[in-house]
Structures are given as C-alpha cells and as structure tokens.
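Notes follow the structure.
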Amino acid sequence: MRVSRLMLVTQRDVPAEAEIVSHQLLVRGGYIRRVTSGIYAYMPLMWRVLRKIKAIVEEEMDNAGALQTLLPQLHPSELWERSGRWQSYTAGEGIMFHLMDRQKRSLGLGPTHEEVITKIADEQIHSYKQLPVNIYQIQTKFRDEIRPRFGLMRSREFIMKDSYSFHSNEKDLGKTYKSMEVTYKRIFARCGLETVAVDADSGAIGGSASQEFMVTADAGEDLILTSKDGLYAANQEKAVSIPKEAILHNPSESKTISTPNQNSILELCSTNNLEPSQIVKVIIMIAILEEQVEQPLLLSIRGDQEINEVKVINFVAETINKQVIKLDQVNDEEKNRLKLDHIPFGFLGPDLKDNVLENISGWQKQFLRVTDHSAASLDCFVCGANVKDKHRIGMSWEKLGELTNKADIRKAQKGESCVHDPTMKLEERHGIEIGHIFQLGRKYSKSLQATFTNEQGQEEAFWMGCYGLGITRLAQAAIEQHHDEHGICWPLPIAPFEAVIVVINMKEPIQEEISGNIYKAMLAKGIDVLLDDRSERAGVKFKDADLIGIPWRIVVGRDAANGKVEIVQRVSRETLLVDSEQAIQRILQEKLSK
RNA sequence: CGGGAUGUGGCGCAGCUUGGUAGCGCACUUCGUUCGGGACGAAGGGGACACAGGUUCGAAUCCUGUCAUCCCGACCA
C-alpha cells in the first residue's frame, strides 16, 4: 500500500477526550474515530490490526478443535426471558440495548451469546455421542455501558471472540477449559503481550472455576495480586493471603472501659494505647436479595483488616442460597431515615442482639452473622460493648458465646504472605482484562432446558463452559504495553504493516527506482509493506512512521546512489546500512520467526 | 444514577469578568524558497460560537431550560 493512497491523517495535538496513552495514540495515529460516546469507527489501519489479531485467534481456536460460526446480533426477548436475564439486563442494569420491531416484538442487541448458542445446541445436539463441541464467533457485541471510557477499552460497541463449549460431564468440561487456558496463553504470546492469568470470582455467573487474563499495564482498571515465584495470581476480589500476626492483647482482667466519642479504630487505639490488630471491628451491611428482601449482616473482622465485599456477597449467596443483587453500607442518611439511633454504631460487638432489628422497617429481623478468620483466630481482643461510648477489653469468643459462621471475607493486600508459601509476599499490579474463561456448569442449560440424552438413555442438561476474549480491547492493551514517547511500537505479528519504505526525496530518480523495486520485491515475498511516496519532507515521514508504529523502516535516501539503504527497527532504533536485498531478507527472517 | 467539569472550523485553544456580530496554533488550498527528524514566506478556503427560549437597539459573552461530551464511584471482554 502506498501512503499517498492510505487516507492517513495523523494529528499532532492530543484530543482532550483521550485520557490514557493508548487511546491518545490511536486517535493521533488516525486508527479510530469516535462517532458518539463509546462508539468508534475502525479506520483502515485499525482494521488491519484487528484482522491480524482475529487471524491469530482463529488459527489457535481452530487448532484447539473449536468451530467458528457467526451468530445473530438481534436476539428475541423471549430467549432472554427464559434464562431470566431480560429484566436485569434491560430494566435493571440496563446494559442491553433493546428495541421493538414493527410487529411490536421486543428484541435486544446481543451483549453476549449464551442464550442463542444454548438454544441452537439444544436443537442440534441430542446425544452424548455428539459431545463435546466448542463453538465460537468473532463479532460485534453491544453493551450500553454505564460509563464508556478510554476509547476501545470500554466501548459500547466492540469486537469480541466468544466461545461456548458443551459437554456430557463435568470432567470433560474441565479438559476443554484447560485446553482453552493453554490456547489463550498461546494467543497472547503470539500477539506479543505479557499477560497474567489470575483466579477470578465467578460469583454471579456461577460455576466452579474461572480465570481472567490480564495484560499488565499501569492504566489497567483492575488490581491483581501476584507472587514473585509466579505460582499465585488472583484479582483483588478473589485473592487470599495470610494477614500479618496480630499483636498480643493480654490485659490482667476483662472489663468494660469508657471510650467517649472514640467510634473509630484509630481514635480507640491512640487514646487507649491499643493496636488495630487487637480489636474486633464489627460492621453492619445490608444485602439486597431477590424480591427486594433486605438482609442485615453483622460482619466481624480484625481491626487492621478490610472487608472484601465480593467475598461477602458470595458467602451470603451460598449460605442462604439466594441471589444477592447488591450490598449496601449503612450511611448516615439511612441511619436517619430508618431511625437507627438505638444501634450504637462505632461501639458494636459481635454479640449484638437481634432485637435491635425489631422496629426497623424493611429489614429482616435476624442478622446473618459472619466472622472473618482474622478475627475468629484471636484468643483475646477488644470489641465494642454494644453501648454508646463503651468498649470491652480482654474479651474472648467463649465469653461472647459461640461463633456462628466463620469465613474469609477479608481483602488481601500487597505485602502479605502468600498461602502457598508464607515466605512469598503478595505484589500488587494493575491489569487490563482481555480474556475470561469460565466453567459455567449447568446454570444456563438448566434454565433454558437444553438437554441431551446420556449413555444411560436419560435426559440431562449440558455441562457448559464459556470463553471470552476482547479483540478490540486486546489491540488497545497492546499499545498500552508497547509504546514510547514517539508513538506506538506494534509487536510484529499484529502490526498493520510490517515495514514501511520511506523515500527521502521522491524527485530523485534513483531513490524512486530503488524504493519501487524494494516495494515490489517485498510484496512478492508476502511482506505487508507500506511505501511512503508522499512528497513530504523526510522529518514528517519519520514522525508518522514512528507514530503509527510500523516495526521496521527502510530508508531510501542519500546512500541510494551506492545501492545502500537503511534498515531501522522501531522499538530499539537500531540502524543498519545494507544492500536492499539484505534489508528484504532481514525483515522476511523476522516475520518468519514470529 | 450520584459527585465534578466542559461545550467556539478536522484537532488543540483564546475571547465571556467589563455585551457592539469571531481570533490564534496545527491541519487544508495555491505560489515561491527549502528538503534526513513534524520547514519558511506570501496569498486563500472553512465556524451565524451545542440547542431552545429570554433580557437588550444589539448576545459567543448576561439569565433560564434542554442536550451532549469528559472525569471520579458500582458494571464488564
């Protein structure tokens, strides 16, 4: 392709709307144009990048035995009503774009394809003999994101590879799940990305296992915790660790002390010469369940630790076997509205009686009590006395009465010891989630009544897995990982062009001839090459080549008369003066080695 | 949805306080000089200032409302 024909429009100024460097470079390099909030046009350069990523994904998925399809983007609402997601995806979360057709039938634009694919699997697969299958598609998905941002990182229309596997038993699902993990790692490695696979929360979607693939980058919105030996990685919602040792609390007697206005751990400690780890902190939260049931929770945790709300939600959902819509703290407004003055916030103990709930409208009348292991393992501690301005020292669980539920509801933090090896400390990094694999189990197949006949001749719901991979997000994440002050440095396998020939002076016949020959020769060898034939000054061409990030540059200039050209690597800036034939060979070599 | 900010040619901005009918840099067009790291000079083209009301002889500027975009929180590939 000749640059003069490429519709290349680069910008010197950074658009005000672009916050992170990858977004800025995509806009400045003319890769994308915003059409409206969260909706982008992929310009010719961008489309080439996306096609290369798609090709790699397709190759690896096909190698893993997956089958490519293309599924509809308009989904009938009935299908989503059957899985129980229509309400929450349209009215509730509102993440699903929906519309009426002229027949007044309700349709939605697919944010994901579980419903459609499960329906098709049900219609097409009748016997265990047809299993397993793994079906995938790469296409545009729609999500009416609450807050689109960072260009393609979180857009409302985006390209995703999504696959779904169907199995006759859980073990077989595990096998495909594992093979997808390997496939994903190969895909990311081939795209030149450094990724970390982390244990993830499968929470609301359910299932037994789930892994996220994170591109490590400072601009990432997710926090991940890893161990240096590479044996442990998890996102913050799921991460576990061993908290630091508590400081021994061992007063001569247990008694109630007066602690006027000391309703925070900090004040309590500084006034009474205590350590946060000697205190059991008690927090009331409200879990909103299905049908607007409001379940009060009484959470106890060591004073120096923090609550992990996702773990709390999972615990509640498991314990009472109901879906948790969300978790709320009790704020001041609510304290006033519900007239909670009789509850001595700031002075609560784990033995707070249920009778404080008697006159609170809307709440269930019994606490669901949970004690985090960090608190449960304390032999002797300080806690609130359930009376304003009073705490108790030298307390123990025996004195308070038996503990009901113990669970891990604690937020793991960097610097804490790893569970698999206490000498290892957790490190914190930011990541961009570009892939997520799940063992769904039978949740969707059951709700959609998608079944097959098993070996015993009985109807059984499919075991399912699902495997997402954000194509457009991956492209931008790659820039986040591969750029410098001059622009993008695409990894060769996903670069829009592998090389660019910069002709210093188009009016010089020798330069024009040599560059033309190299161009033709490279095309003949299958190299994706750009010929910058514009009558721009050299500086402009160099700047543009750097900005759009072509991995190799061949400069045809002052040495052309001697049959020499320069070959420059974008990332390292290494420059070699060689014959044109050598330049072609070098790039061909690089291409084939990837 | 809650909190904050901003809307002026394709991009970045000034003008608004103290109303008088729009300006700068980049980009674009033409000519000349230049020509290995975003050249210089000259001459041009393009915007009724987000929209709708109002105040006024007169509104980008003041008032009211609406809309859009961006940033901070819950959601997610």
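Chain letters run A, B, ... following the sequence lines, proteins first, then strands; residues in each count from 1.
- Between A:R570 and A:D484 there is a salt bridge, since a side-chain N of the basic residue sits under 4.0 Å from a carboxylate O of the acidic one.
- Taking only distance into account, the side chain of A:N505 never meets the base of B:rG36 through a donor-acceptor pair shorter than 3.5 Å.
- The residue A:D546 sits close to a base: some heavy atom pair falls under 4.0 Å.
- The listed nucleotides are B:rC71, B:rU69, B:rG36; the one nearest the side chain of A:A538 is B:rG36.
- Residue A:D544 is the one, among A:D544 and A:E19, whose nearest nucleotide of RNA chain B lies closer to the 5' end (criterion: closest heavy atom).
- Base pairing analysis places B:rG7 opposite B:rC67; the two distances defining the Watson-Crick or G-U wobble pair are each below 3.5 Å.
- In the set B:rG73, B:rG37, B:rG36, B:rG73 carries the atom at the smallest distance from any side-chain atom of A:R147.
- Counting to the nearest Å, the C1' atom of B:rG38 and the CD1 atom of A:I548 are 14 Å from each other.
- Comparing B:rC72 with B:rC11, their C1' atoms are spaced 26 Å from each other, to the whole Å.
- Atom name P, nucleotides B:rC40 and B:rC51: the rounded distance is 35 Å, in whole Å.
- With hydrogens and angles ignored, no donor-acceptor pair closer than 3.5 Å exists between the side chain of A:R149 and the base of B:rG73.
- The pairing partner recorded for B:rU18 is none, the criterion being a Watson-Crick or G-U wobble arrangement whose two distances lie under 3.5 angstrom.
- Rounded to an integer number of Å, the gap from A:I20 CD1 to B:rC70 P is 13 Å.
- Screening A:Y467, A:F213, A:Y177 against A:Y184 for a ring pair (Phe, Tyr, Trp, His ring centres under 6.0 Å) leaves a single residue, A:F213.
- In the interface, the side chain of A:R143 is not paired with the base of B:rC76 through any donor and acceptor atom under 3.5 Å apart.
- Salt-bridge check for A:R190 with A:E58: failed, with every basic side-chain N at 4.0 Å or more from each acidic carboxylate O.
- Side chain A:R553 to base B:rG37: a donor-acceptor pair is found below 3.5 Å.
- The base of B:rG36 sits with one of its N or O atoms less than 3.5 Å from a complementary donor or acceptor on the side chain of A:E566.
- Rounded to an integer number of Å, the gap from A:Q11 CD to B:rG12 P is 7 Å.
- For residues 468-478 of chain A, every residue pair satisfying the side-chain hydrogen bond (donor to acceptor under 3.5 Å, both in side chains) rule, not counting sequence neighbours, is listed here: A:S22-A:Q476.
- Among the protein residues, A:V502 comes within range of no part of the nucleic acid, since none of its heavy atoms lies under 4.0 Å from any strand.
- Within the 4.0 angstrom heavy-atom criterion, base atoms lie near A:I504.
- B:rG58 is unpaired under the Watson-Crick or G-U wobble criterion, no partner having all donor-acceptor distances under 3.5 Å.
- The phosphate of B:rG36 (OP1 or OP2) has no side-chain N or O of A:R537 nearer than 4.0 angstrom.
- Only the P atoms considered, B:rA14 is 14 Å distant from B:rA50, to the nearest whole Å.
- As a whole-Å value, the separation of A:F188 CZ from B:rA77 P is 13 Å.
- Contacts of A:S535 with the nucleic acid, taken as non-hydrogen atoms under 4.0 Å apart, are absent.
- Nucleotide B:rA74 is matched to nothing when pairs are restricted to Watson-Crick or G-U wobble geometry with both distances under 3.5 angstrom.
- B:rG4 and B:rU56: their P atoms are spaced 33 Å apart (whole Å).
- With salt bridges taken as basic N to acidic carboxylate O contacts below 4.0 Å, none links A:E237 and A:K311.
- Atom CZ in A:R534 sits about 14 Å away from atom P in B:rG38, given to the nearest Å.
- Nearer to the 5' terminus of RNA chain B, by closest-nucleotide assignment, is the contact made by A:A560 (compared with the other of A:E145 and A:A560).
- In a base pair of the Watson-Crick type (N1 to N3 plus N6-O4 or O6-N4) or a G-U wobble (N1-O2 and O6-N3), with each distance short of 3.5 Å, B:rG41 is matched with B:rC31.
- For a distance-only test at 3.5 Å, the side chain of A:R154 qualifies as a donor-acceptor partner of the base of B:rC75.
- Residue contacts shown for A:K161 are absent, as no nucleic acid heavy atom lies under 4.0 Å away.
- Set against B:rG36, B:rG12, B:rA77, the side chain of A:A16 has B:rG12 as its closest nucleotide.
- Residue A:G435 is classed as a sugar-phosphate contact, given heavy-atom separations below 4.0 Å to backbone atoms only.
- Side-chain nitrogen and oxygen atoms of A:S37 include at least one within less than 4.0 Å of the OP1 or OP2 phosphate oxygen of B:rC70.
- Contact annotation: side chain of A:R473 to base of B:rC76, donor-acceptor pair present below 3.5 Å.
- Taking the centre and axis of the six-membered ring of A:Y89, the NZ or CZ atom of A:R85 falls inside the cone set by 45° and 6.0 Å.
- The CD atom of A:Q236 sits 13 Å away from the P atom of B:rC75 (whole-angstrom rounding).
- Shown here, B:rC49 forms no base pair; nothing in the strands shown gives a Watson-Crick or G-U wobble contact with both key distances under 3.5 Å.
- Between the CE atom of A:M7 and the P atom of B:rA27 there is a distance of 19 Å, given to the nearest Å.
- Aromatic ring centres of A:W490 and A:Y31: separated by under 6.0 Å.
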Result block: side-chain N/O donor-acceptor pairs under 3.5 angstrom for residues 44-54 of chain A, not counting sequence neighbours:
| residue | atom | partner | partner atom | Å |
| --- | --- | --- | --- | --- |
| A:R48 | NE | A:P496 | O | 2.8 |
| A:K52 | NZ | A:A495 | O | 3.1 |
| A:K52 | NZ | A:D528 | OD2 | 2.6 |

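- Atoms CD (A:E485) and C1' (B:rG37) sit 13 Å apart, rounded to a whole Å.
- If you check every strand for non-hydrogen atoms under 4.0 Å, A:T112 touches nothing.
- Residue ring and base: A:F542 does not count as stacked with B:rG36 (centre distance below 5.5 Å and interplanar angle below 30° not both satisfied).
- Considering only side-chain atoms of A:R12, the nucleotide from B:rG37, B:rA27, B:rC76 that sits closest is B:rA27.
- For the pair A:R553 and A:F542, the cation-pi criterion (under 6.0 Å, within 45° of the ring axis) is fulfilled.
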